[in-house]
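See below for the structure under consideration.
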Amino acid sequence: MIGVFALQGAFYEHEKMLATLGASYKEIRRREHFTDGLDGIILPGGESTVQGKLLREEGLLDPVKEAIAGGLPVFGTCAGLILLAKTLSNDENVWFGTLNVTVRRNAYGRQLGSFRADIPFEGIGNFPAVFIRAPYVERAAPEVQTLAACGGKIVAVRQGHMLATAFHPELTDDVRVHEYFLRELVS
Ligand code: GLN
């Protein structure tokens with residue numbers, strides 16, 4: 001059972017991916033939805049500051065942070081990567097802070113608000129990556145594995161049970177990154 005955070009942003013597209021892969025999921029919007037028995041969680045893209053504030057208001061920030069720190073598998077896309085990052089280079093907020101990376105928000109600037117690139121993804125092959133006002137990883141600690149880079153910038157990482165991409169696999173019809181999460185991190 002995968003918990004899909006549904007406070008804000010592109011969560012429905014993740015649910016479609018999970019449905020395609022035959023995985024069960026539930027939406028998490030309120031504290032009482034975040035129950036024991038979840039095998040993993042997904043943090044969707046959207047607006048990280050809005051998501052972080054909503055998580056805090058719902059009383060979800062601390063329990064989810066503790067669960068992730070305790071080993072709950074997590075997959076964050078775009079704003080989800082920002083929520084997981086230990087440090088943000090151009091924002092003073094730290095949300096979950098469990099992933100040992102420094103992330104730059106809106107890192108591609110206005111002219112590259114959104115774009116698509118085919119990039120090699122470790123263990124998967126070429127993947128059609130969709131970037132929307134995307135962050136990238138500026139620094140990754142030695143325990144963090146780089147899974148994909150684009151133009152010399154790190155855009156997909158894994159640290160044990162935590163997977164994060166700066167791009168949006170859920171906005172394609174290519175299920176391989178979700179499949180990787182379920183296979184390598186959840187089961
Ligand atoms: N720019 C957004 C942020 O900083 C992230 C964009 C996205 O999730 N597509 O939160």
Side-chain angles (χ1 to χ4, degrees), residues 2-18 25 27-29 40-58 60-61 64-65 68 73-119 121 127-140 144 146-151 153-159 162-178 180-181:
I2 304 296
V4 179
F5 279 77
L7 294 107
Q8 190 266 345
F11 52 88
Y12 175 66
E13 290 77 3
H14 281 288
E15 294 170 3
K16 282 202 296 192
M17 284 273 158
L18 294 171
Y25 62 84
E27 289 184 354
I28 299 175
R29 295 170 192 271
I41 55 174
I42 290 183
L43 307 172
E47 182 54 40
S48 56
T49 310
V50 174
Q51 293 182 1
K53 285 184 180 156
L54 290 171
L55 285 163
R56 186 179 285 147
E57 279 168 29
E58 287 297 330
L60 277 161
L61 198 63
V64 174
K65 177 183 169 149
I68 296 171
V74 56
F75 176 20
T77 58
C78 202
L81 163 66
I82 295 167
L83 292 181
L84 288 170
K86 187 169 187 171
T87 317
L88 303 176
S89 56
N90 55 350
D91 184 332
E92 60 199 16
N93 287 305
V94 178
W95 303 105
F96 297 129
T98 50
L99 181 67
N100 200 352
V101 294
T102 301
V103 165
R104 173 167 291 272
R105 292 182 64 197
N106 303 322
Y108 292 91
R110 287 188 193 173
Q111 277 146 22
L112 272 183
S114 70
F115 62 99
R116 187 183 148 137
D118 282 308
I119 55 172
F121 193 108
F127 193 86
V130 175
F131 294 82
I132 303 173
R133 285 172 41 81
Y136 58 63
V137 174
E138 282 186 341
R139 176 202 63 91
V144 178
T146 295
L147 296 175
C150 180
K153 308 295 185 192
I154 300 172
V155 293
V157 291
R158 176 179 178 181
Q159 182 185 333
M162 294 177 271
L163 173 69
T165 61
F167 54 92
H168 293 271
E170 76 283 7
L171 299 184
T172 69
D173 53 13
D174 192 322
V175 297
R176 288 177 297 162
V177 179
H178 287 76
Y180 174 92
F181 173 61

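Just follow the structure's listing: the first ligand is 1, and inside any ligand the first atom is 1.
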Contact between [X] and [Y] at the side-chain level, heavy atoms closer than 4.5 Å - yes or no?
{"X": "Leu43", "Y": "Phe96", "value": "yes"}
{"X": "Cys78", "Y": "Ile132", "value": "no"}
{"X": "Ile41", "Y": "Ile68", "value": "yes"}

*Give the minimum heavy-atom separation between Gln159 and Asn100, together with the two atoms involved.*
OE1-N, 2.8 Å
*asked:* So which atom in Ala164 and which in Leu99 form the shortest heavy-atom distance, rounded to 0.1 Å?
replied: CB-CD2, 4.0 Å
*List, ordered by chain and residue number, the protein residues whose closest non-hydrogen atom lies under 4.0 Å from any atom of ligand 1.*
Gly45, Gly46, Glu47, Ser48, Cys78, Ala79, Ile82, Arg105, Asn106, Ile132, Arg133, His168
*Are any of the side-chain nitrogens in Glu47 or Arg105 under 4.0 Å away from the carboxylate oxygens of its partner?*
yes
